[in-house]
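All values derive from a computational prediction rather than experimental measurement. Residue numbering restarts at 1 for every chain, and letters A, B, ... go by the order of the sequence lines.
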Amino acid sequence: MSPNGCDPYEARLVERFRQGDRRALDSLFEMHVDRVYSYARHIVGSREDAEEVASEAFMKAFRHALDFRGDCAFRGWLFGIARNLCRDRLRQPRLIVMPQLETDQVGDDPADRIAIRTDVRKAMASLPEEYREILTLCDVEEWDSKEAARMIERSHVATRSLLYRARRALRDKLAEQWREN
Amino acid sequence: MSASRHSGEGGNPEEPISSSPLRCEVIQELADLYVDGELPEETIARVSKHLLGCPDCSFQIRSVEQARGHLRDTCGKHESNPGFRERLSARLHAEFADHVTPETVDLPGQLALPDFRS
């Protein structure tokens with residue numbers, strides 16, 4: 001990965017796609033589809049909404065790749081578009097499905113583990129959107145903090161600071177819930 | 001360079017710190033970088049040394065690690081449905097049918113695709 005976030009391998013695929021190579025389109029799609037979907041699923045909550053966000057994001061990112069030839073950051077366009085689409089969906093009240101409302105598929109997990117998961121979802125739902133987003137990116141999806149900084153369009157130091165505050169907010173919220181129980 | 005350069009929350013992993021003993025306030029600022037493994041090796045060693053003798057800082061770092069562990073266990077990564085991937089792939093092929101060639105072409109310098117799913 002170069003300092004400006006461009007992966008040379010990905011840049012080559014984008015160039016091949018521009019030249020009309022279908023295999024390059026397939027490769028770019030396979031490289032990113034699960035990550036885009038997983039990010040969207042965490043933010044918007046439901047499978048259906050996440051699939052719609054991922055679909056629209058890929059359509060727009062490939063169109064963008066054909067229309068703008070200035071740089072090579074396909075992944076940056078793709079996730080930037082997905083992020084905006086998720087935000088649009090969260091602004092539509094009827095589409096809000098928070099993760100804590102999903103059925104817990106824990107099978108034969110011990111009861112206390114199920115209770116912890118319920119508490120974590122409740123705590124996450126109570127956090128500001130920017131905290132949920134950075135925790136999802138860095139602590140769930142395990143993005144590198146520099147990569148997350150590019151995604152959320154902040155400096156690396158500002159992103160680390162946001163992550164610092166978000167983790168403590170989550171920890172404090174969990175501690176508060178567990179003190180009450 | 002003094003340890004007080006780490007004045008902001010979260011600190012800056014690229015800034016080295018002095019070799020003097022670390023204060024608890026500095027440890028708190030470095031805690032997340034320590035948890036994420038984003039500190040230089042020599043700083044990790046100094047933080048670890050401090051933690052061995054400081055129950056308060058150890059507790060703070062452990063609580064952040066535990067909250068992160070619970071979050072990961074609760075949320076996890078989502079994998080897309082194979083049917084969805086097939087439908088979207090077909091939609092992309094249809095959308096860009098005028099641009100991409102149905103038959104693949106061998107271009108100079110073409111690279112093999114690594115398996116990103118493993």
Side-chain angles (χ1 to χ4, degrees), chain A residues 9 12-13 16-27 29-38 41-42 47 50-51 54-55 58-59 62-63 66 99 113 116-121 123-124 135-136 138-142 145 156-157 159-165 167-168 170-171 174-175, chain B residues 8-15 28-33 35-36 38 60 62-81 83-85 87-89 91-93 95-117:
Chain A
Y9 176 72
R12 176 76 188 134
L13 287 175
R16 282 173 45 200
F17 167 67
R18 284 168 175 160
Q19 291 172 19
D21 184 351
R22 183 167 134 171
R23 274 193 295 185
L25 181 151
D26 291 337
S27 298
F29 173 71
E30 291 296 338
M31 277 169 74
H32 297 302
V33 64
D34 276 340
R35 225 171 168 204
V36 171
Y37 170 80
S38 188
R41 179 77 187 267
H42 282 299
R47 180 177 62 80
E51 288 182 353
S55 300
F58 271 105
M59 288 291 189
F62 278 116
R63 276 189 211 116
L66 292 179
R113 195 169 172 199
I116 287 173
R117 289 179 175 186
T118 303
D119 289 340
V120 170
R121 289 200 177 94
M124 274 291 272
L135 288 170
T136 298
C138 293
D139 286 351
V140 179
E141 296 293 330
E142 299 178 57
S145 59
H156 184 217
V157 172
T159 302
R160 291 287 340 177
S161 174
L162 179 64
L163 181 59
Y164 178 100
R165 285 182 274 119
R167 282 175 172 167
R168 275 146 192 80
L170 176 65
R171 180 195 64 183
L174 283 172
Chain B
E9 292 163 332
N12 183 344
E14 275 134 29
E15 287 184 13
Q28 293 311 314
E29 289 180 2
L30 297 180
D32 286 43
L33 299 169
V35 166
D36 291 337
E38 292 193 18
Q60 290 293 324
R62 222 173 37 243
S63 67
V64 169
E65 282 178 321
Q66 279 183 347
R68 186 178 67 169
H70 288 317
L71 180 63
R72 240 169 231 179
D73 179 60
T74 300
C75 296
K77 293 181 185 178
H78 293 287
E79 192 171 318
S80 60
N81 182 293
F84 161 70
R85 286 199 297 271
R87 286 194 304 277
L88 180 52
S89 177
R91 199 177 147 200
L92 289 168
H93 288 162
E95 180 73 17
F96 296 97
D98 292 342
H99 176 73
V100 295
T101 51
E103 298 298 321
T104 56
V105 291
D106 285 328
L107 299 170
Q110 203 156 313
L111 301 170
L113 175 67
D115 185 6
F116 289 95
R117 294 192 175 283

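Residue L163(A) touches chain B through both its backbone and its side chain, counting heavy-atom pairs closer than 4.5 Å. Within the 4.5 angstrom heavy-atom criterion, no atom of T136(A) approaches chain B. Neither the backbone nor the side chain of R35(A) comes within less than 4.5 Å of any heavy atom in chain B.
In terms of non-hydrogen atom pairs under 4.5 Å with chain A, the most contact-rich of S63(B), A31(B), G69(B) is S63(B). The greatest number of non-hydrogen atom pairs below 4.5 Å with chain B, out of D139(A), L25(A), I116(A), is found for D139(A). Interface check for chain A: of the options E95(B), Q60(B), R87(B), the most heavy-atom pairs under 4.5 Å are formed by E95(B). Chosen from H93(B), Q66(B), R91(B), the residue pairing most often with chain A at heavy-atom distances under 4.5 Å is H93(B).
A pairwise comparison of heavy atoms in F29(A) and R85(B) identifies CZ-O, 3.6 Å as the closest pair. Nearest approach of G76(B) to V140(A), heavy atoms of both residues: O-CG1, 3.3 Å. Y164(A) and D32(B) make their closest contact through CA-OD2, 3.5 Å (heavy atoms, listed as atom of the first residue, atom of the second, distance).
By the side-chain contact (heavy atoms from CB on, under 4.5 Å) test, A54(A) is found to be paired with V36(A), F84(B), residues two or more places apart in sequence or in another chain being considered. Partners of R72(B) according to the salt bridge (Lys or Arg N to Asp or Glu O under 4.0 Å) rule, which considers only residues two or more places apart in sequence or in another chain, do not exist here.
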Full working for side chain to side chain contact (heavy atoms under 4.5 Å, CB included) between R63(A) and F96(B): CA-CA 9 Å; R63(A) 276 189 211 116; F96(B) 296 97; 3.8 Å; yes
